[in-house]
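The structure under discussion appears below in the form of structure tokens.
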Amino acid sequence: MAEARIKSREEDYAQWYQDVIAQADLAEVAGVVKGCMVIKPHGYAIWEEMQKDLDRRFKETGHKNTMFPLLIPMSFLEKEAEHVEGFAPELAVVTHAGGKELEEAYCIRPTSETIIGHFFSKWIDSHRDLPLLINQWANVMRWELRTRIFLRTGEFLWQEGHTAHSTHQEAKEEVQRMLEVYRDFARDVMAMPVVCGIKSANERFAGALETLTIEGIMQDGKALQCGTSHDLGQNFGKAFDVTFQNEEGVRDFVWQTSWGVSTRLVGALIMTHSDDDGLVLPPKLAPIHVVIVPIYRKDEERDAVLEAANRIAGDLRADGLRVEVDSRTGMKPGAKYYEWERKGVPMRLEIGPRDLEAKAVMAKMRLAESDERGRPVKENLAWENLGVEVGKRLDAFQQLLYDRALAMREAGTQVVDTWEEFTAAFEGTKSAFVYAHWDGTTETELAIKDATKATLRCVPLPGEGPAVEEGKCVKTGNPSAQRVLFAKNY
RNA sequence: AGCGGAUUGGCGCAGUUUGGUAGCGCGCCUGGUUUGGGACCAGGAGGUCGCAGGUUCGAAUCCUGUAUCCGCUACCA
């Protein structure tokens, strides 16, 4: 009876991912604009929850929001050699406007370091202007060759923080601080454990001295870069002449940082928690915490049930919960159950005549155990103190998701010392988080990628990954200071 | 960008080999009966077959070009 709306993860992981997005009604490929997506209300609502939480964290760390132009003069990109080399191949360029060819072409921003650098040079004169701490919520465009919805699209939403400091030390502290904001957000809000580390020279941001990253592991063992924080040094300061006079009256270039996360996080959320029944959302990001499904036969029952459902919804909302009453007619309760489960709603309350009698509701969590007859376990909750009890269960659900994700990461993590073990971990389409010694050269990094498709995700920061010890490179046998993280990636 | 596959009502597909003017399932609309894990009956609406050329008396079907999507590769948040 149950037609397979969602391909199982085991059968076809990539198809499963697309099916979950379609069935949860999160987004769709635009089609009429190559590589671009339409984010639908349920998907956008998740992004809005992410924005709300992150925006608060950015403001708590002293940043203010801004808006810079979508279009950037082409000459701006060319001012920083590595930057233009890195981004030129994926630029969309505007050559005509107002019915005539432009004197100078604009590109649609792939990121805003250059145009922000230009304005920083206008705004900064004195050490008293520093630090300058801003953020922008924006769309950017990178003309990628292959689209994967939420993970890699031509246009995407993100935030980009840009800061300027008087010393390199202060800039480095900012880079670290914002990485920690991302890590905390991933862990505490997305229920997603991440590995914090430093990108190799080969993987770092075009124009940065150093790029810090948070790397998440997906259910298929592949890594997803979930956020980055860059130490730009004085590269953009020099390119855009961003200088200030220090306390001694000496003019110097500012030290800059930039950091960002994107709507890719929605993809990370899906591939961390969801299952073959569809989307699974952590309560802290779920647009709907609780859906109430009324059950009735006769009209009199219907009125009484709906009245109770609406009253309960009102009470729960007053407790700060996001609640929806599914009062659609002509749809059996079972059909509603499946729909809300596909959409990832963490908790469902069923209320019918029997419950009115008992002054209670039946509660079912999105990840319920099944009984011996294969039916999901439900729990009877009294009306009295319902908000408190629901809140407890949502908190427990948030924790459960984190625990599951952490267990998944542990099961998918290996410490490897031989090339045989290394290649075995990445055989065929397999992937895992593999910690192995590396000799520190780009040459070896590329040779490993060539042989196994595994990429160097990061050099773990202190406290991340296995205990630091010296060893020999898994590929070349040359000396290595510590193990680094390899995985195939999205 | 390279190689391969695809594009036919909202969705999933058949029809293409062998050219004759489009069909099925789901969904949708109306009415009725239903409603504690994906309801049923009856009636109904909806398609210039991705787009542009060409061949032909006639093209969803053959040819050329092109766009978009999917898979692998490559590039990247």
Side-chain angles (χ1 to χ4, degrees), chain A residues 1-5 12-15 17-19 22-23 25 28-37 86-91 110-111 138-160 182 199 202-203 205-206 211 213-216 224-230 258-268 277 293-299 301-302 305 326-342 348-355 361-362 364 368 370 373-376 378 380 428-429 449-450 453 455 489-490:
Chain A
M1 191 64 186
E3 74 189 270
R5 290 183 166 91
D12 186 341
Y13 193 81
Q15 187 63 47
Y17 176 74
Q18 294 178 79
D19 288 348
Q23 291 298 320
D25 211 20
E28 65 187 55
V29 171
V32 289
V33 184
K34 184 177 163 60
C36 292
M37 65 176 161
F87 283 104
E90 53 191 43
L91 293 180
T111 178
N139 55 343
V140 289
M141 178 158 273
R142 299 180 185 178
W143 211 256
E144 304 288 354
L145 296 172
R146 191 71 192 91
T147 306
R148 273 176 87 66
I149 201 158
F150 284 123
L151 302 178
R152 189 173 49 243
T153 49
E155 182 184 21
F156 56 93
L157 298 175
W158 78 345
Q159 57 71 216
E160 44 181 329
Y182 290 154
K199 284 291 187 187
N202 179 52
E203 297 266 348
F205 179 75
T211 289
T213 179
I214 54 169
E215 298 283 326
L224 184 68
Q225 181 176 306
C226 291
T228 46
S229 184
H230 314 293
S258 70
W259 29 273
V261 295
S262 72
T263 37
R264 171 178 275 190
L265 290 180
V266 179
D277 296 325
V293 177
I295 297 161
Y296 48 79
R297 291 168 199 272
K298 294 168 290 206
D299 282 353
E301 286 178 351
R302 177 172 177 277
V305 165
D326 187 351
S327 54
R328 287 176 293 180
T329 54
M331 204 173 169
K332 292 181 78 171
K336 294 179 180 178
Y337 300 166
Y338 281 103
E339 178 173 326
W340 293 112
E341 285 174 5
R342 287 200 299 275
R348 179 179 75 233
L349 300 180
E350 304 164 14
I351 181 163
R354 297 204 296 258
D355 307 295
V361 293
M362 290 301 288
K364 193 261 174 191
S370 291
R373 291 162 65 179
R375 296 174 310 189
K378 299 179 185 178
N380 207 267
T429 58
K449 184 180 178 186
D450 201 44
K453 294 179 188 164
T455 55
N489 72 305
Y490 278 99

Identify all pairs in which a protein N or O lies below 3.5 Å from an N or O of nucleotides 7-9 of chain B, and state each distance.
none

Output a table of nitrogen or oxygen pairs between the protein and nucleotides 47-51 of chain B separated by less than 3.5 Å.
none

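- A/Lys364 contributes no side-chain N or O that forms a donor-acceptor pair with the base of B/G36 under 3.5 Å.
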Could you go through nucleotides 69-72 of chain B and list every protein N or O atom that sits under 3.5 Å from one of its N or O atoms, giving the distance for each pair?
from, atom 1, to, atom 2, distance (Å)
B/C69, OP1, A/Gly35, N, 2.7
B/C70, OP2, A/Arg146, NH1, 3.0
B/C70, O3', A/Gln18, NE2, 3.4
B/G71, OP1, A/Gln18, NE2, 3.2
B/G71, OP2, A/Arg146, NH2, 2.4

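- Partners of A/Asp19 under the salt bridge (Lys or Arg N to Asp or Glu O under 4.0 Å) rule, at least two apart in sequence or in another chain, do not exist in this structure.
- Scored by the salt bridge (Lys or Arg N to Asp or Glu O under 4.0 Å) test, A/Glu203 finds no partners at all (sequence neighbours excluded).
- Remark: A/Glu215 pairs with A/Lys199, A/Arg457 by the salt bridge (Lys or Arg N to Asp or Glu O under 4.0 Å) rule, at least two apart or across chains.
- Judged as a salt bridge (Lys or Arg N to Asp or Glu O under 4.0 Å), and not counting sequence neighbours, A/Arg297 has no contacts.
- With sequence neighbours left out, the ring-ring contact (aromatic ring centres under 6.0 Å, His included) criterion links A/Phe156 to A/Trp158.
- Under the side-chain contact (heavy atoms from CB on, under 4.5 Å) criterion, A/Ser370 pairs with no residue, sequence neighbours left out.
- By the 5.5 angstrom centroid cut-off and the 30-degree plane limit, A/Tyr338 is classified as not stacked against the base of B/G37.
- Residue pairs meeting the side chain to side chain donor-acceptor pair (under 3.5 Å) criterion with at least one partner in residues 139-152 of chain A, sequence neighbours excluded, are A/Arg109-A/Asn139, A/Asn139-A/Glu155.
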Between the protein and nucleotides 32-35 of chain B, which nitrogen or oxygen pairs come in under 3.5 angstrom?
from, atom 1, to, atom 2, distance (Å)
B/U35, OP1, A/Arg297, NH1, 2.8
B/U35, O2', A/Tyr296, O, 3.3

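- Sorted by first and then second residue, the salt bridge (Lys or Arg N to Asp or Glu O under 4.0 Å) pairs with a member in residues 327-336 of chain A read A/Asp326-A/Arg328, A/Asp326-A/Lys336, A/Arg328-A/Glu339; sequence neighbours excluded.
- Residue contacts for A/Asp19: at a heavy-atom cut-off of 4.0 Å it reaches no nucleic acid atom on any strand shown.
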